[in-house]
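These notes are about the structure you will find just below.
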Amino acid sequence: MTLTLTTHSTAIDVRQVAGHIGAEISGVDLREELDDATVAEIWQAVLTHRVVFFREQHIGHAQHIAFGRRFGALTRRPGKKHGVAPEGFPEILTVDPKADVERYGKGFEEHYRRKWVSGIAGWHSDLTQAVNPPNASILRAEKTPVFGGDTQWTNTVAAYAGLAQPLRDLVDSLQAEHAFFTGVHLRHSDERDREILKIYCGDPQVAVHPVVRVHPETGEKALFVSPGSTTRIMGFTEVESRHILDLLFQHLTSAEYTVRFRWEPGSIAFWDNRSTCHFAPTDFGHLEVDRVMHRVTLLGEPAVGPDGSRSELVEGEPLNAW
Ligand code: SIN
């Protein structure tokens, strides 16, 4: 029995790293301009494996942006309040707990984590609060801790296929609402929570998407809900909605559908945001370490469900291209 799949091509090597998701790509130097065939192979690997990993790619912000643009237009962040960018590179979102300290004050991360409604509340797809969430994300590691700080992804096509047929029939026709700060319980009686709510209520982003998304390029069906973003299923009572969502959340975060990546400076993860959810690490906040990551996202389109239903904008603007 073959335990790993390796695809040899003239340009790149793609080595599958887990049963349902993830592949490591070697044989490519992202400091160099890529030819169209290599770009096409990388994109095919993203579609096939959902997330691909590169190592030892010591590129800067400009090269990161140029690499992203080979695969489509980049997405603007939904607003100034949504994250920080490196000086001179507004296309990039910097993921760094220290940047959150600057925005929300010391201890924000710890405070926020204590508000999670469950241990899986951090799983999300990027910016599904928008009517046209990004198609893909490219995350690059600048500084990483010696231990800890891994990211996990799950394959939401495999998770959908793993549901019993009657459940697939049910979810195929459902719609769900997505908003920021969903997997947390923020209280009006808590001053700090009120500050967080104020920041996001001043710039709301809410969308309704099909619970099952037909992948526009592969035609596969994927679960398109996540604990970190999906607030409710439309047309159900809160209790009914909670039970259905909890079932889907538990299922799609099952270990069998996931892969875990160990970062080093120069590592890059490139994932299809339409067929995955991911979970940022929670195991290094208590350590005196730096973890600085940079992300670009590729502009996406509204989701389409198996019954032809389309994403609808509730609050905010569609994401725009740079
Ligand atoms: C993200 O959610 O895009 C960032 C994930 C990470 O920091 O590992």
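Order of appearance sets the numbers: ligands from 1, and atoms from 1 within every ligand. Basis for what follows: all heavy atoms, side chains included, without hydrogens, waters or symmetry-related copies.
At the shortest separation from atom 1 (C) of ligand 1 among protein heavy atoms lies His278 NE2, 3.4 Å. Ranking protein heavy atoms by distance to atom 4 (C) of ligand 1, first place goes to Leu139 CD2, 4.0 Å. Among protein heavy atoms, the minimum distance from atom 8 (O) of ligand 1 is reached at Thr151 OG1, 2.5 Å. The shortest contact between atom 3 (O) of ligand 1 and any protein heavy atom is with Arg295 NH1, 2.8 Å.
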_Determine whether His278 and Trp271 satisfy the following criterion, ring-ring contact (aromatic ring centres under 6.0 Å, His included), listing intermediate values before the conclusion._
CA-CA 9 Å; His278 57 280; Trp271 64 91; 4.6 Å; yes
_Under the criterion ring-ring contact (aromatic ring centres under 6.0 Å, His included), I'd like the reasoning laid out for Trp153 against Phe53: C-alpha separation, chi angles, the key distance, then a yes or no._
CA-CA 12 Å; Trp153 287 262; Phe53 307 113; 5.3 Å; yes
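Less than 4.0 angstrom separates some heavy atom of Val95 from each of these atoms of ligand 1: 7 (O). Under a 4.0 Å criterion applied to the non-hydrogen atoms of Pro281, ligand 1 contributes the atoms 8 (O). The ligand atoms of ligand 1 that sit less than 4.0 angstrom from a heavy atom of Arg291 are 6 (C), 7 (O), 8 (O). The contact set between ligand 1 and His124, taken as ligand atoms under 4.0 Å from a residue heavy atom, comprises 2 (O).
For the pair Arg15 and Glu24, the salt-bridge criterion is not met [side-chain N within less than 4.0 Å of a carboxylate O]. For Asp272 and Arg50, the salt-bridge test fails: no basic side-chain N is under 4.0 Å from an acidic carboxylate O. The pair Glu217-Arg274 meets the salt-bridge criterion, with a side-chain N (NZ, NE, NH1 or NH2) lying under 4.0 Å from an Asp/Glu carboxylate O.
Other residues, nucleotides and ligands contribute at most 12 non-hydrogen atoms within 6.0 Å of the CD atom of Glu87. Atom NE2 of His58 has more than 12 neighbouring heavy atoms from other residues, nucleotides or ligands inside a 6.0 Å radius.
The distance criterion of under 3.5 Å between nitrogen or oxygen atoms is not met by Trp271 with respect to ligand 1. Residue Trp263 places no N or O, backbone or side chain, under 3.5 Å from any N or O of ligand 1.
The distance between the ring centers of Phe71 and Phe270 falls below 6.0 angstrom.
Using a non-hydrogen distance threshold of 4.0 Å, Ser137 does not register as a contact of ligand 1.
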